[in-house]
Amino acid sequence: MPPADPAASHARIHAVVRRIPRGRVASYGQVAELAGLPGAARLVGYALSALGPGSGVPWQRVVNARGALSPRSEPWAELEQRRRLEREGVRLGRDGRIDLDRHGWRPRRGKK
DNA sequence: GCAATGACGCTCT
DNA sequence: CAGAGCGCCATTG
């Protein structure tokens, strides 16, 4: 399969994040893998940051592999993300970490 | 077109 | 457990 176009990868990531159900979180690496870009965790973060408000993408459900939120250019967003997740039923530990064992998204290979 | 940067991940020391 | 190094792809100067 030929290499995917830049815009395609972007769209794939976008689609994967959108399928994350409420109350669950997925890691960047996981999203990247599902998007067909294994090992490109950075791309996910970059793609999301490049997006923006109103994109319809629940970016808040994307956290790092440790289940913690990633500091962004502006610290406000981190708090916003945490607040949104808690509102969806996701509880954070004392260290601000999410129990992936409990809230980690387990995609179904329904893909075909 | 090259170099630097960025919401990351994994392995090794 | 903490720190450093390498890989990954796209965007920007």
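Below, read A as the first sequence line, B as the second, and so on, with proteins coming before strands; counting in each chain starts at 1.
Across the protein-nucleic acid pair, A/H10 atom NE2 and B/dA7 atom C1' stand 13 Å apart, rounded to whole Å. Between the CZ atom of A/R12 and the P atom of C/dA10 there is a distance of 11 Å, rounded to whole Å. In this entry the distance linking CD1 of A/I13 with C1' of B/dG6 reads 13 Å, nearest Å. The nearest whole Å value for the distance from the CG atom in A/L85 to the P atom in B/dA7 is 18 Å. Atom-to-atom, CD of A/E33 to P of B/dC8 comes out at 18 Å; the value is rounded to the nearest Å. As rounded to whole Å, 11 Å separates atom P of B/dC8 from atom CD of A/E78. Between the OH atom of A/Y46 and the C1' atom of C/dA10 there is a distance of 6 Å, rounded to whole Å. Between the P atom of B/dA7 and the CH2 atom of A/W76 lies a distance of 17 Å, rounded to the nearest Å.
Using a 4.0 Å heavy-atom distance criterion, A/P38 is classed as making no nucleic acid contact.
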Pick out the pairs of N or O atoms, protein on one side and nucleotides 9-13 of chain B on the other, that lie under 3.5 Å.
unit_1	atom_1	unit_2	atom_2	d
B/dG9	OP1	A/A65	N	2.5
B/dG9	OP2	A/A65	N	3.2

Using atom types as modelled, flag every donor-acceptor pair under 3.5 Å from a side chain in residues 20-36 of chain A to any protein atom, sequence neighbours excluded.
unit_1	atom_1	unit_2	atom_2	d
A/S27	OG	A/Q30	N	3.2
A/Q30	NE2	A/W105	O	3.2

Name the atoms and distances for all side-chain donor-acceptor pairs under 3.5 Å in residues 43-53 of chain A, with sequence neighbours left out.
unit_1	atom_1	unit_2	atom_2	d
A/S49	OG	A/G45	O	3.3
A/S49	OG	A/Y46	O	2.8

Quick one: do A/E86 and A/R83 satisfy salt bridge (charged side-chain N to carboxylate O under 4.0 Å, His left out)? Show the steps, please. CA-CA 5 Å; A/E86 286 195 328; A/R83 195 176 71 106; over 6 Å; no
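Listed by chain and number, the residues in a side chain to side chain donor-acceptor pair (under 3.5 Å) with A/Q60 are A/R84, A/E88 (sequence neighbours excluded).
Listed by chain and number, the hydrophobic cluster partners of A/W76 come to none, as no ILVMFWY side chain reaches under 4.5 Å of it.
Sorted by first then second residue, the salt bridge (charged side-chain N to carboxylate O under 4.0 Å, His left out) pairs that include residues 37-51 of chain A, not counting sequence neighbours, number zero.
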